[in-house]
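Each remark here refers to the structure printed beneath this line.
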Amino acid sequence: MTYLHEGRLDKAQAAAEGLTRRTPKNPAAYNVLGAVRIHARDSAGARVASEKAQQLDPSFLPAVGNLARLDLAQGRPDQAKARFQSLLAKDPKNTGASLGLVRLLVQIQAKPEEIRKVLETAI
């Protein structure tokens, strides 16, 4: 991530790929790779990496967030919303997922009642 902040995308890509090779069962490694690919504007590669992270751990919130961001960028807000709702169906007390859904709802300009309902459930 330091390489990304420094604008050294090639180094960030190499480091992230190395991390996934060294720790192939770690969803965080694939999430880092997905984030690097998002910065590289490689939506397809970012989606593959983020889906791999979620496959390794279906409740891994950072991967859900990345996938939702990719869904939004591709004009699929309902699919983005469904990702958070699916996670909340499995774990209704997941505050991070609730707040992620709220941020998404605000971003897509959902009705205030819908946003309020999610917030009240989270509280």
Side-chain angles (χ1 to χ4, degrees):
M1 295 310 288
T2 300
Y3 288 134
L4 276 183
H5 294 298
E6 293 173 352
R8 299 169 67 188
L9 197 54
D10 56 335
K11 291 276 192 183
Q13 178 81 18
E17 288 172 356
L19 184 61
T20 60
R21 280 192 302 276
R22 286 189 304 280
T23 59
K25 295 192 186 302
N26 183 351
Y30 288 94
N31 191 64
V32 169
L33 181 59
V36 169
R37 290 184 174 163
I38 286 172
H39 279 59
R41 301 190 195 293
D42 174 9
S43 295
R47 185 172 294 282
V48 168
S50 297
E51 285 174 347
K52 177 68 175 179
Q54 191 178 29
Q55 176 188 2
L56 290 169
D57 181 357
S59 64
F60 190 64
L61 188 57
V64 172
N66 279 347
L67 289 165
R69 186 170 15 160
L70 290 165
D71 291 337
L72 276 182
Q74 294 175 340
R76 297 184 289 196
D78 289 340
Q79 188 171 344
K81 191 163 76 168
R83 290 185 187 282
F84 287 107
Q85 291 170 331
S86 174
L87 188 54
L88 286 167
K90 295 174 194 162
D91 182 8
K93 294 185 180 190
N94 187 325
T95 306
S98 293
L99 293 176
L101 179 56
V102 166
R103 280 190 292 274
L104 172 69
L105 292 172
V106 168
Q107 190 173 1
I108 64 173
Q109 300 177 348
K111 293 181 181 178
E113 300 81 35
E114 185 178 6
I115 297 168
R116 185 177 310 112
K117 181 180 175 184
V118 175
L119 280 172
E120 287 172 355
T121 302
I123 292 168

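Any value given below was found using the heavy atoms of this structure, including those in side chains, with hydrogens, waters and symmetry copies removed. Counting begins at 1 with the first residue of the sequence.
- Criterion: ILVMFWY side-chain heavy atoms under 4.5 Å apart, direct or through other members. Under it, Leu70 and Leu56 are not part of a common hydrophobic cluster.
- Lys81 NZ to Asp71 CG: the interatomic distance, rounded to the nearest 0.5 Å, is 13.0 Å.
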Can you check side chain to side chain contact (heavy atoms under 4.5 Å, CB included) on Phe84 and Leu104, steps first, answer last? CA-CA 9 Å; Phe84 287 107; Leu104 172 69; 4.0 Å; yes
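- Note on Ile108: it does not cluster hydrophobically with Leu67, by side-chain heavy-atom contacts below 4.5 Å among ILVMFWY residues.
- In terms of the side chain to side chain contact (heavy atoms under 4.5 Å, CB included) criterion, residue partners of Glu113 (sequence neighbours excluded) are, by chain and number, Lys111, Arg116.
- With hydrogens and angles left out, the side-chain atoms of Arg69 and Gln107 include no donor and acceptor closer than 3.5 Å.
- Side-chain heavy atoms closer than 4.5 Å link hydrophobic residues (I, L, V, M, F, W, Y) into clusters, and following such links, even through other members, never connects Tyr30 to Leu19.
- Atom CG of Leu99 is separated from atom CG of Leu119 by 7.5 Å, given to the nearest 0.5 angstrom.
- Using modelled atom types, one finds a donor on one side chain and an acceptor on the other under 3.5 Å when comparing Glu17 with Gln13.
- For Asp57, the side chain to side chain donor-acceptor pair (under 3.5 Å) partners two or more places apart in sequence, or in a different chain, are Ser59.
- Put simply, Leu61 and Leu88 are part of the same group of oily side chains (I, L, V, M, F, W, Y) that touch within less than 4.5 Å, one to the next.
- Residues Leu105 and Val64 share a hydrophobic cluster, clusters being chains of Ile/Leu/Val/Met/Phe/Trp/Tyr side chains in contact below 4.5 Å.
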